[in-house]
Amino acid sequence: MQISEPQVSVIIPTCNRKHYLERAINSVLNQTYTDYELIVVDDASTDGTATFIAEKYPGVCCVSLANNSGAGGARNEGIRLARGSFIAFLDSDDEWLPKYLETQIKYIESSPDNVIVFCGCIHQMQDGKIQKFSCQPWLPYPNLTYHLLSENFILTASIVVVSKKALDKTGYFNENLRIGEDKELFLRLFCLGNAVHVPYFLVTKYSHSNNLTGNYKLWVKETFHLLDIFFAHDLSLPYKHFEIETRSHNAMRLARILWREKKKFLFAIQMLLKAFIISPRYIIQHLRKKLVKTTV
């Protein structure tokens with residue numbers, strides 16, 4: 001619903017996904033929470049996205065970019081236009097359940113120290129299988145920044161609502177990243193205030209052949225690129241002592257995913273070797289813990 005002074009700005013970046021976009025927009029328009037504005041950023045689509053929105057949804061604000069900026073650049077354009085106190089991101093191939101905004105806003109407004117909230121999601125796989133992810137952090141680290149550096153428990157920006165003030169303070173998405181720009185931003189936000197997990201499945205995430213994460217070589221490259229960017233930022237100073245372990249752990253995590261899910265066995269072995277080279281001590285400790293668990 002478009003109103004003069006919205007509490008929430010919903011931003012949908014899209015590029016040549018007209019066939020998915022209707023589902024995403026309808027899921028916003030069907031929200032029980034109505035104090036929002038909806039901004040669709042057309043990232044130089046060539047499939048008639050802007051015309052489709054103008055004809056099908058004349059009340060929706062659609063901004064068309066002349067040149068492709070990537071997901072981070074498109075979201076940044078939406079943030080610059082946003083008038084709300086909170087920003088909610090929705091990928092154009094995902095959808096929200098009707099009570100998504102109502103629930104997320106309730107949680108983020110529960111304390112002035114909250115800068116970001118994230119909920120669980122339902123993952124619709126390409127083969128028709130459905131998986132539920134609570135996105136609840138599970139590792140015994142001192143805080144969520146350590147955890148997010150090690151494991152990516154925020155599976156998509158579509159499950160996140162953030163404070164606009166916090167965004168203005170920490171800066172927006174890094175447009176040099178093609179994959180992982182959301183995680184790099186969330187790491188910075190985690191350093192500013194409270195990150196709150198919302199224990200409900202409120203989003204459906206869809207996998208398809210056009211997902212960028214399907215490009216596993218780019219995905220691996222950008223994983224380490226985002227760590228370079230984060231650890232070069234002043235906000236990372238309290239976590240500098242954790243950098244070597246973080247890099248080793250991520251290489252090992254990538255090796256596990258490449259082996260089990262992608263079936264890229266040679267690449268997985270290369271990542272495991274990379275993990276050992278970065279920190280032999282960490283890998284040996286990790287393997288010892290695994291052996292203890294298997295023998296108990």
Side-chain angles (χ1 to χ4, degrees), residues 11 13 15 41 43 65 67-80 87 89 91 115-116 118 135 137 139 141-195 211-255 257-258 267 270-271 274-275 277-279 282:
I11 298 172
C15 181
V41 183
D43 194 15
L65 304 184
N67 300 304
N68 184 269
S69 301
R75 291 190 188 112
N76 285 344
E77 183 63 25
I79 294 170
R80 285 188 283 267
I87 307 293
F89 302 107
D91 289 349
V115 298
I116 178 172
F118 56 97
C135 300
L139 295 175
Y141 284 118
N143 62 44
L144 290 184
T145 306
Y146 285 101
H147 198 301
L148 189 58
L149 281 167
S150 299
E151 297 285 343
N152 188 21
F153 54 86
I154 300 181
L155 299 186
T156 169
S158 298
I159 68 172
V160 166
V161 173
V162 304
S163 159
K164 179 63 161 54
K165 286 183 179 179
L167 276 175
D168 289 337
K169 185 175 181 179
T170 191
Y172 300 166
F173 290 94
N174 190 305
E175 298 182 23
N176 293 319
L177 285 165
R178 290 187 60 196
I179 296 176
E181 75 287 341
D182 48 357
K183 178 175 177 176
E184 193 275 329
L185 172 61
F186 301 156
L187 282 167
R188 283 183 274 128
L189 287 168
F190 278 20
C191 295
L192 288 184
N194 294 340
N211 288 132
L212 273 178
T213 48
N215 185 340
Y216 67 91
K217 290 185 178 180
L218 177 62
W219 169 58
V220 169
K221 177 184 176 182
E222 294 293 75
T223 294
F224 290 102
H225 188 191
L226 79 84
L227 291 177
D228 293 340
I229 292 170
F230 174 72
F231 282 112
H233 199 284
D234 289 345
L235 286 172
S236 73
L237 290 177
Y239 303 95
K240 278 290 187 181
H241 67 283
F242 193 58
E243 182 175 359
I244 292 176
E245 179 176 327
T246 295
R247 293 180 181 277
S248 182
H249 183 96
N250 273 273
M252 185 170 57
R253 176 177 65 88
L254 291 169
I257 296 172
L258 287 165
F267 202 7
Q270 291 174 346
M271 282 297 102
K274 182 181 180 74
I277 292 172
I278 292 171
S279 179
Y282 173 72

If you measure from [atom1] on [X] to [atom2] on [Y], what distance do you get to the nearest 0.5 Å?
{"X": "Lys183", "Y": "Phe230", "atom1": "NZ", "atom2": "CZ", "value": "10.5 Å"}
{"X": "Ile244", "Y": "Phe231", "atom1": "CD1", "atom2": "CZ", "value": "10.0 Å"}
{"X": "Lys240", "Y": "Thr246", "atom1": "NZ", "atom2": "OG1", "value": "11.0 Å"}
{"X": "His225", "Y": "Glu184", "atom1": "NE2", "atom2": "CD", "value": "9.0 Å"}
{"X": "Asn174", "Y": "His233", "atom1": "CG", "atom2": "NE2", "value": "9.5 Å"}
{"X": "Phe224", "Y": "Lys274", "atom1": "CZ", "atom2": "NZ", "value": "5.0 Å"}

Quick one, [X] and [Y] - any side-chain contact, counting heavy atoms below 4.5 Å?
{"X": "Ile116", "Y": "Leu192", "answer": "no"}
{"X": "Tyr141", "Y": "Leu148", "answer": "no"}
{"X": "Thr156", "Y": "Asp182", "answer": "no"}
{"X": "Tyr146", "Y": "Leu139", "answer": "no"}
{"X": "Glu243", "Y": "Leu227", "answer": "no"}
{"X": "Phe89", "Y": "Val162", "answer": "yes"}
{"X": "Asp228", "Y": "Arg247", "answer": "yes"}
{"X": "Tyr172", "Y": "Arg75", "answer": "no"}

Task: Full working for side chain to side chain contact (heavy atoms under 4.5 Å, CB included) between Glu222 and Ile229 - done: CA-CA 10 Å; Glu222 294 293 75; Ile229 292 170; over 6 Å; no
Open item on the list: Working note: Trp219 + Leu254, criterion side chain to side chain contact (heavy atoms under 4.5 Å, CB included); need CA distance, chi angles, decisive distance, verdict.
Closed with: CA-CA 9 Å; Trp219 169 58; Leu254 291 169; 3.5 Å; yes
How far apart are the closest heavy atoms of [X] and [Y], and which atoms are they?
{"X": "Ala74", "Y": "Ser69", "result": "N-CB, 4.1 Å"}
{"X": "Leu155", "Y": "Cys135", "result": "CG-SG, 4.1 Å"}
{"X": "Gly73", "Y": "Arg80", "result": "O-NH2, 4.4 Å"}

- [ ] May I have the step-by-step check of side chain to side chain contact (heavy atoms under 4.5 Å, CB included) for Leu187 and Leu226, ending in yes or no?
- [x] CA-CA 10 Å; Leu187 282 167; Leu226 79 84; 4.3 Å; yes
TODO: Please work out which of the three classes, parallel, tilted or perpendicular, describes the rings of Phe118 and Phe153, given edges at 30° and 60°.
DONE: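 Tilted, since the angle between the ring planes falls between 30° and 60°.
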Open item on the list: Pair Leu258, Val220 - check side chain to side chain contact (heavy atoms under 4.5 Å, CB included), show working.
Closed with: CA-CA 10 Å; Leu258 287 165; Val220 169; 4.2 Å; yes
Can you check whether [Y]'s main-chain N or O pairs, donor with acceptor, with [X]'s side chain at less than 3.5 Å?
{"X": "Thr170", "Y": "Ala166", "result": "no"}
{"X": "Ser158", "Y": "Asp91", "result": "yes"}
{"X": "Ser248", "Y": "Ala275", "result": "yes"}

- [ ] Verify the distance criterion only: is there a donor paired with an acceptor across the side chains of Arg253 and Asn250 at less than 3.5 Å?
- [x]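 Looking only at side-chain atoms, Asn250 and Arg253 do form a donor-acceptor pair, the distance falling under 3.5 Å.
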Task: Worked check of ring pair (Phe, Tyr, Trp, His ring centres under 6.0 Å) between Phe186 and His147 - done: CA-CA 12 Å; Phe186 301 156; His147 198 301; over 10 Å; no
Open item on the list: Would you say the ring centers of Phe190 and Tyr239 fall short of 6.0 Å from each other?
Closed with: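 Ring centres of Tyr239 and Phe190 not closer than 6.0 Å.
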- [ ] For Asn68, enumerate each residue passing the side-chain hydrogen bond (donor to acceptor under 3.5 Å, both in side chains) test, keeping only those at least two apart in sequence or located in another chain.
- [x]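 So Asn68 forms a side-chain hydrogen bond (donor to acceptor under 3.5 Å, both in side chains) with Asp43.
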